[in-house]
Structure formats: structure tokens, C-alpha cells
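Shown next, in C-alpha cells, is the structure this report addresses.
Remember, it's 1-based here, ligands and their atoms both numbered in the order they're listed. Keep in mind that the numbers below use all heavy atoms, side chains included, and drop hydrogens, waters and symmetry copies.
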Amino acid sequence: VLAVLITSAVLLGSVALPGLLLAADSPDIVLVTVDTLRADRLSIYGYELETTPFLDGFLGEGVLFRDARTVEPLTGPAFASLFTSLHPHQHGGTRNGLRMRDGLASLPRILARRGYTTAGFISNWTLRDELSGIGAHFEIYREILTKKRWFGLAKSEATAEDVTTEMLEWLDEAGEPAGRKPLFLWVHYVEPHAPYKLHDEFADRLGFEQVGTFSNSRKYDTEVAHIDDHLGKMLGSVFEVLDREKTLTVFLSDHGESLGEHGYWGHGRHLYEPTLHIPMGLQWPARIDAQEVTSAASILDLAPTLLGLIGLPQPPGLAGFDWSPVLTGGAAEPTGRTTYHQTHRSSVEPSEESDRLRRKGLLEVGTYKDGTKEICRPVKGRRWVFDLEADRAEKASLVELGSACSEATGAWLERVRAGLEASDDLPPPELGEEDLDQLRALGYID
Ligand SMILES: [Zn+2]
């Protein structure tokens, strides 16, 4: 089944072959991502504290996706899905430490084939190419792992300042020359990933009064305020080099964070809103008016939407939705859309049978449609249905815990299982020479 899925995702026999020349006005694209940032802790998403004055302005002046979700609340899988617009069971990188399949089409590969310079600057160990397979999709991939933010003991992360410094050094050279190629620049920040650090300056600004030690929730707020402030400064420096009006700037997080809801701290295992709902938006001042999108959106939508916005064709088989007609032409938002979600055990452990790492790792599948979310936990035969309009905290399931999955979510579970089995067993898809030539010509493979 997966072979069919993947093959249809990359075979292009029926697609007209467009010219390879890049449009002269192709914009620079800057993708800014923040790890572990839950939407409802940003003031523009309704938080009562003013944690995010910069992002409030950025999203308020651009496109704000009010109801966006990640596909899997885990770093490696979420980014592989962002760049390929494939679900985790399709790209195969379902858990941290499992690389996605080789040779997949992706946004950075398509852009590179179309004449972009592609560069990624990451600061999270799980995004190293060796673990995720993501670096292979970029021409320049800088793994900035200078220090653990807390103690300086292990080099598994970097501070926002370190990431920005290295990125800006590169941009100062790459962004200057006249007649240069357009840039696709991705920069990823690991704050506010746990362990949460208290930023005193922002504790003061948010009016937190210290009585004993600060709670993790308060510390998290100061992390959010700190990264918001940093993004403002960082983009200020970026737009000393690039023309802000003509740059397509995108912002989102890979997943949120559960801060004790449902007795759970962290992310990765569950499909509740604190980890699923993400902030997402973009700006392209020269081309797109400020607007708010309220229909359900997905992290999978970024690749097709960016391709649509810059006028490139959509490869068949992308799992996301192209919002560009809505954003630029006033097309109506889609109604009745279902978004699909899954969780897996997070990291691969040495004791696990190596040929069953994916199928044995599945924890939950879920669907979201018209304000209603269904979660199924197949191993334990459990099921929850929440009306998010009436019950945002997902406290009162509308169904019995042990009742069977609905037809729609049950079918989704079978698709995910089939994909996981195929990902564990099958080699990458085999394409004929002609397929490969077509794909190369279109920029969908190297
Ligand atoms: Zn993450």
C-alpha cells in the first residue's frame, strides 16, 4: 500500500512539464520555526498575558491561521511532514531517530531545482541529518549544537543567540550579491523546549511576583516571551539584508507542549490540543493582504501553499492543502475538511526489534473535523470524542471510553498501520529511468 502511495506521490507522468526558468520576481523565502510552542500561550491566540508582542504584530499584519494543527507532535516527524507534505506513516520518519525514506520529493528540493539556494540552520539534536534525513534536502545544513541551554553539559542544543549569529553570518554573504539566486532560508529555535529556563527580564515584564520558586508554567511563559523578543530582533537583522516587502516570511511551531493537562507534561504521546494546536502564519507584504484563516489547517499545508504562492506546480500526492487561492485571490475557505493525526513512541530504544520499529511504535490516531476531534488508542481499545467548541480543555468525552472507533477514524487507523508495515518492510520505491528523468526535470528529485 505504501509503495502505491509513495509512487503516486512522486510519479508525474500525467503532469505537463513546465519550463525550468525561475520567474524573475521569485521571492526570498524565510521559514522561522520555534520548537514546542503551543498556540494558546501567544497573546494573539487568546492568552491573557502579553507574552508575544512581536508575533502578535507579525501575524496580525500578515496571514494568521487560527486553527492549525501538527500531524504528529514530535520534532523529527513533524518537520519531515512539513517539508514533504506527507504523513509520518508515508515518509517513514515516525519516531525521533528514524530517518524518513531516501529520495522523497520535498519543498527545499523543488525550490533548489527551480534555482533557489536552500539553507537550514537547526538547533535540536533530533533534527541532525543522521537522525532525521532532513539535512539531505538542503544544500546547506548547519547543525548548531553548541551547548545545552541549562548547564552547558551536553552539546544537544543551542541558544537562540547562537543560532541567529551563525545564520546572520551566512546571510550577510549569501544575501548581498546583485543577481544572486533567491534564498530559501530555514532557521529553527529550540526554546521553549523543556527544561524550561526562567528569563528574569521577562518574568518582570509579565508581572510575575516571586513567591517561592516559579512554576514550570510561569517559566514556560518567560521562555515564550524571550523567543518572541528574539525573533523580533532576528528578523530586524534579516531585513537589513533582504527586502521585507518582497520576502515571503513564514512562522510556525512544530508542535505544542502539555503543561500538566491530562496529567501529562511534554509532547509526543497524545493528540490533545496543548500539543496538537500550533501557531502558524506568514507575511508577504508586497503580495498578500492581512487576513485571518479560521478553517482547519495543517502543518502539511505549508509546502503546497508556498509552491502555490510562488507559482510552481503541485506535485501529485501531497497530503496538504494549497491555501494560495484563498490568500491571494479571495477564494472561499474550504468547508468540512478533515485533518488527520497520529502519535508514536518517541525515541527508538536499543532493545527494540529493528524490523518492527514503526508498526510497534504506534500509540494514537486522530481525526478533526468541524470542531470535533476523535482520538483512538488502538492498543488499549480506547476512544475519545471531544467537541472543541464547547470543551476546549477536552475534559468530557462524548463517547464511552471502550467504544469502537468511528468508521472514518477506523479507516484512518488502517491506512496508518498499512503504511507503518510497509515502511518497516519495503525498500524505497523503485522508479524507472524515464520516471527519474521526469522527476529531475521538474525538480522533484536530485
Ligand atoms: Zn519539537
**Message:** Under 2.8 Å from the Zn ion (ligand 1) - does any N, O or S atom of His255 fall there?
**Reply:** yes
**the Zn ion (ligand 1) to nearest N/O/S of Thr36 less than 2.8 Å** = no
**Asked** Does Asp129 come within less than 4.0 Å of Arg99, counting only side-chain N to carboxylate O?
**Response** yes
**Item:** Presence of salt bridge, Glu273 and Arg392, under 4.0 angstrom
**Value:** yes
**Message:** Need the atom name: nearest N/O/S atom of Asp35 to the Zn ion (ligand 1).
**Reply:** OD1
**Asked** Considering only N, O or S atoms, which atom of Asp254 is nearest to the Zn ion (ligand 1)?
**Response** OD2
**Request:** Could you walk me through whether Tyr189 and His230 pass ring pair (Phe, Tyr, Trp, His ring centres under 6.0 Å), step by step?
**Result:** CA-CA 10 Å; Tyr189 296 97; His230 185 83; 5.5 Å; yes
**Prompt:** Are a donor atom and an acceptor atom from the side chains of Thr367 and Thr409 found within less than 3.5 Å of each other?
**Reply:** yes
